[in-house]
Q: 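Would you mind keeping the following structure in view while I ask a few things?
Chain letters run A, B, ... following the sequence lines, proteins first, then strands; residues in each count from 1.
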There are 2 protein chains.
Amino acid sequence: MANISDVAKLSGLSKTTVSRVINNHPYVSDKKRELVLKAMKELGYTPNPSARRLRGQLTTTIGVIVPKIVNPFFASLVNSIELAAYKKGHQVLISQSNEDKEKELAFLNLLKTKQVDGIIMTSIENDWEMIEAYSKYGSILLCNDYVDQEVVPMIRLDQTKGAYLGAKHLIERGHQKIAYCTGGLFDEHGKGKDRNQGFQKALSEVGMKINPKWIFVDQHTVEDGKQVMKQILEMDDRPTAIFTGSDEVAGGIIIEAKEQHLTIPNDLAIIGFDDQPIAEIVDPKLTTIRQPVDQMGEKSIEVMIEMLENREMKIKNYELPIELIIRQST
Amino acid sequence: MANISDVAKLSGLSKTTVSRVINNHPYVSDKKRELVLKAMKELGYTPNPSARRLRGQLTTTIGVIVPKIVNPFFASLVNSIELAAYKKGHQVLISQSNEDKEKELAFLNLLKTKQVDGIIMTSIENDWEMIEAYSKYGSILLCNDYVDQEVVPMIRLDQTKGAYLGAKHLIERGHQKIAYCTGGLFDEHGKGKDRNQGFQKALSEVGMKINPKWIFVDQHTVEDGKQVMKQILEMDDRPTAIFTGSDEVAGGIIIEAKEQHLTIPNDLAIIGFDDQPIAEIVDPKLTTIRQPVDQMGEKSIEVMIEMLENREMKIKNYELPIELIIRQST
DNA sequence: TTGTATGCGTTATCAG
DNA sequence: CTGATAACGCATACAA
């Protein structure tokens, strides 16, 4: 592999001049620039990023951490981030934490060691205090997930509003008995609390209260959805509608409901979250709350690059629109 | 960020000794080893990978390139690779080529610059000659996709057999008019030729021939599947069964078929490929050909690590089992 | 406008 | 068993 010295030798110039050409510095005569460029091409030269990193400064590489890449929501989010970054000349390194605190920290270590300029976190597993320690080594941006204090730039959606819209929609369809199914917990402070709030707000506006038996926490997959449906079927007092935190879970509920010969939405109305491809695959098609994945990716990269160019940037949060998509399941 | 000198200073030893401890070299007394370990912990020291890379040798990082991460088959393949690598103490950097030759080469450049020890390619966009040029800088392994010559280790499936099983199954169900839908081309040499061969073999064994009008090439998504179905509906002479190269496309066909009030499998039988989650989500559930994604990931990492430890390893190919899963769509 | 010398953090070589 | 030193490839301060 050719290095900068080889290029210098072949072009008959110094390493410094070559370096200047590589980095588009001024004060290089056009003639010599040509010479260098020619030599670079001839040798198939690529600057060695490890050396550049070691030396300091930028890597034009951005890390993205997702909990699970097999989750279609995160796959499409990663996709949109990657495309946006590529347009701006940045490479993207992806890693999945598998919801494991250790792995999350291992990936953040890339910052410490300057392998990436910044990291976009789409989920956060450790306490913020843990993660904050890494922010002095590089830029951290939260996209999708978030923390309560305004201590780091965040790209987020008004989850409260999204859940509110969904719940209200069910109420307007005449439902009085609505179950709630979340990937997080159902309390004031845990994961997914915004959605909880939005949901409860819609209910309390019309004087409704949720039956605690109809709350399902920590549900993520199609399989989880099927299990939820089975549990509901065994209840004496069944809900007539289900609000879920993911299209996957909603899809599972629909599949199992049909298996049990329930008619949707007549016997049971279901609403999803995310507007993933599965929403249009299941039959009946899923009413859901759309998260604007493409915008999230683009905004993340935009803000990340801004952060990199200006390390002392003021911390700002960005909120993207969230929207109810009505299909056949409600 | 603490470096090796800091550790040396704090422990009162030389950088060399610290380095020896880090790399588990022999000839370090237990006492000094303890000392170093303690200092490392105290400073929260992590060796700087850029420096290690620059110096040469291994990075314990493996790259994986996929065409599109939003394709669930590749997402799950990446997932299984990542899990297997993590078990072995390797980090995985993922990148998507988006079926773009340039991007593929850009990622291969990570080899040239020693940012990764090896790259697992799950798809190959450029001609092999192009890619081969990079193999002198690091290990390249093909998983899923492949080339004809035995010039690089490959983890592959007997696609010919898979397609053969699928086609034969349709024939055994009594179908005489079978359409063929592929993500590649339909010729002797192009993408997907193995499946073509397997498909044709099954047909010719019973003296059948495919109607050229029933061949659909370059089909990938659910949306593509819907379009295929629409085209079929406009035909005078319609097939009674469709063989597809992906569960996504098969799913799209099913959705559109139901939209048009066809009964599956009575009016039309459909068979998918991959056994992705969608296969059990659509209604009726999809008969499909299972690709053993988990095994592919594990075997890839196993072979890759073997390659890294022994650069002059003999090139071998590995074939994994492929299997027909019969559900409701046939 | 160009070149020389230095150091980034690590590990291999060689000398004790 | 331990340590001093050079080298990996690059970019910058400084000198010319």
Side-chain angles (χ1 to χ4, degrees), chain A residues 1-40 43-61 109-117 137-138, chain B residues 1-40 43-61 109-117 137-138:
Chain A
M1 177 69 195
N3 63 28
I4 198 171
S5 299
D6 298 330
V7 178
K9 209 173 295 169
L10 182 60
S11 61
L13 295 165
S14 73
K15 292 195 293 179
T16 309
T17 303
V18 176
S19 173
R20 287 204 177 95
V21 172
I22 295 169
N23 298 286
N24 281 315
H25 279 291
Y27 303 128
V28 181
S29 66
D30 286 351
K31 266 184 220 163
K32 312 227 163 177
R33 186 183 301 278
E34 295 290 325
L35 240 43
V36 171
L37 257 20
K38 190 168 146 254
M40 289 190 356
L43 294 167
Y45 168 73
T46 316
N48 182 321
S50 294
R52 305 181 94 167
R53 275 163 209 187
L54 186 55
R55 193 64 233 291
Q57 322 324 339
L58 296 194
T59 64
T60 64
T61 303
N109 245 319
L110 293 183
L111 280 180
K112 245 186 173 176
T113 55
K114 301 219 176 173
Q115 300 202 67
V116 296
D117 300 330
Y137 302 115
Chain B
M1 178 67 195
N3 63 27
I4 197 171
S5 299
D6 298 331
V7 177
K9 208 172 294 171
L10 181 61
S11 61
L13 295 163
S14 72
K15 291 195 296 178
T16 309
T17 303
V18 176
S19 174
R20 287 204 177 95
V21 173
I22 295 169
N23 297 286
N24 281 315
H25 279 293
Y27 303 129
V28 181
S29 67
D30 286 352
K31 265 185 219 162
K32 312 226 162 176
R33 186 183 301 278
E34 294 289 325
L35 240 41
V36 171
L37 257 19
K38 190 168 146 253
M40 289 190 354
L43 293 168
Y45 168 73
T46 317
N48 182 321
S50 293
R52 304 181 97 168
R53 276 165 208 186
L54 184 55
R55 195 61 235 288
Q57 322 321 342
L58 296 194
T59 64
T60 65
T61 303
N109 244 319
L110 293 182
L111 281 180
K112 246 186 173 177
T113 55
K114 301 218 175 171
Q115 300 202 69
V116 298
D117 299 329
Y137 302 116

Q: Do you know the tightest heavy-atom contact between A:Leu54 and B:Ala51?
A: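 Answer, listing the atom of A:Leu54 first, then B:Ala51: CD1-CB, 3.8 Å.
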Q: Closest heavy-atom contact between B:Ser14 and B:Ala8?
A: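 In terms of heavy atoms, the two residues are closest at C-CB, 3.7 Å.
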Q: Over how many whole Å does the gap from B:Ile4 atom CD1 to C:dC8 atom C1' extend?
A: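 Atom-to-atom, B:Ile4 to C:dC8, this comes out as 13 Å.
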Q: Can you name the nearest heavy-atom pair linking A:Pro47 to A:Arg52, along with the distance?
A: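 Scanning both residues, the minimum pair turns out to be CB-NH1, 3.7 Å.
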Q: By nearest atom, which of the nucleotides D:dA11, C:dT10, D:dG9 is closest to the B:Asn3 side chain?
A: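 Comparing D:dA11, C:dT10, D:dG9 against the side chain of B:Asn3, the answer is C:dT10.
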Q: Can you check the B:Tyr45 OH to C:dT11 C1' distance for me, whole Å?
A: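 Value for this atom pair: 10 Å.
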Q: Is B:Leu37 close to B:Val21 at the side-chain level, that is, under 4.5 Å between some pair of heavy atoms?
A: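 A side-chain contact under 4.5 Å exists here.
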Q: Mind calculating the distance between CZ (A:Arg33) and C1' (C:dT2) to the nearest angstrom?
A: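 Rounded to whole Å, this separation is 13 Å.
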Q: Taking only side-chain nitrogens and oxygens of A:His25, does any of them come within less than 4.0 Å of OP1 or OP2 of C:dT2?
A: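 For C:dT2, neither OP1 nor OP2 has a side-chain N or O of A:His25 closer than 4.0 Å.
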Q: For the pair made of CG in B:Asp6 and C1' in C:dG9, what is the distance, rounded to whole Å?
A: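 In whole Å, C:dG9 C1' and B:Asp6 CG are 10 Å from each other.
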Q: So, applying side chain to side chain contact (heavy atoms under 4.5 Å, CB included) with A:Met40, which one of A:Ile4, A:Ile22, A:Leu10 is it?
A: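 Answer after filtering A:Ile4, A:Ile22, A:Leu10: A:Ile22.
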Q: Kindly say whether B:His25 contributes a backbone atom to a donor-acceptor pair with the side chain of B:Asn23 at under 3.5 angstrom?
A: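 A pair under 3.5 Å: no.
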Q: For nucleotides 1-4 of chain D, give me every protein contact, N/O to N/O, under 3.5 Å, one pair per line with atom names.
A:
residue: D:dT2; atom: OP1; partner: B:Ser29; partner atom: OG; Å: 2.9
residue: D:dT2; atom: OP2; partner: B:Ser29; partner atom: N; Å: 2.8
residue: D:dT2; atom: O4; partner: B:Arg20; partner atom: NH2; Å: 3.4
residue: D:dG3; atom: OP2; partner: B:Ser14; partner atom: N; Å: 3.4
residue: D:dG3; atom: OP2; partner: B:Ser14; partner atom: OG; Å: 3.2
residue: D:dG3; atom: OP2; partner: B:Thr17; partner atom: OG1; Å: 2.6
residue: D:dG3; atom: N7; partner: B:Arg20; partner atom: NH1; Å: 3.3
residue: D:dG3; atom: O6; partner: B:Arg20; partner atom: NH2; Å: 2.6
residue: D:dA4; atom: N7; partner: B:Thr16; partner atom: OG1; Å: 3.2
residue: D:dA4; atom: N6; partner: B:Thr16; partner atom: OG1; Å: 2.7

Q: Using a 4.5 Å cut-off on heavy atoms from C-beta on, say whether the side chain of B:Val7 contacts that of B:Leu43.
A: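 A side-chain contact under 4.5 Å exists here.
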Q: Okay, side chain of B:Ser19, backbone of B:Lys15: is any donor-acceptor separation there less than 3.5 Å?
A: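 Answer holds: no.
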Q: Taking atom P of C:dA12 as reference, at what distance in whole Å does atom CG of B:Asn24 sit?
A: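 These atoms are roughly 13 Å apart.
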Q: Suppose the criterion is side-chain hydrogen bond (donor to acceptor under 3.5 Å, both in side chains): which pairs have a residue in residues 26-36 of chain B, not counting sequence neighbours?
A: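 Listed once each, the pairs would be none.
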Q: For B:Asn48 and C:dT10, is the shortest distance between a side-chain N/O and OP1 or OP2 below 4.0 Å?
A: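 Answer is no, no contact under 4.0 Å.
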Q: Please give, in whole Å, the distance from D:dA11 P to A:Leu54 CG?
A: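 In whole Å, D:dA11 P lies 11 Å from A:Leu54 CG.
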Q: Would you indicate, yes or no, if C:dG9 has its OP1 or OP2 atom less than 4.0 angstrom from a side-chain nitrogen or oxygen of B:Arg52?
A: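 Indeed not, no polar side-chain atom of B:Arg52 lies that close.
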Q: Quick one: bend of the helix from C:dT1-D:dA16 to C:dG16-D:dC1 from 5 pairs per end, to 10°?
A: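 Between the first-five-pair axis and the last-five-pair axis there is 40°.
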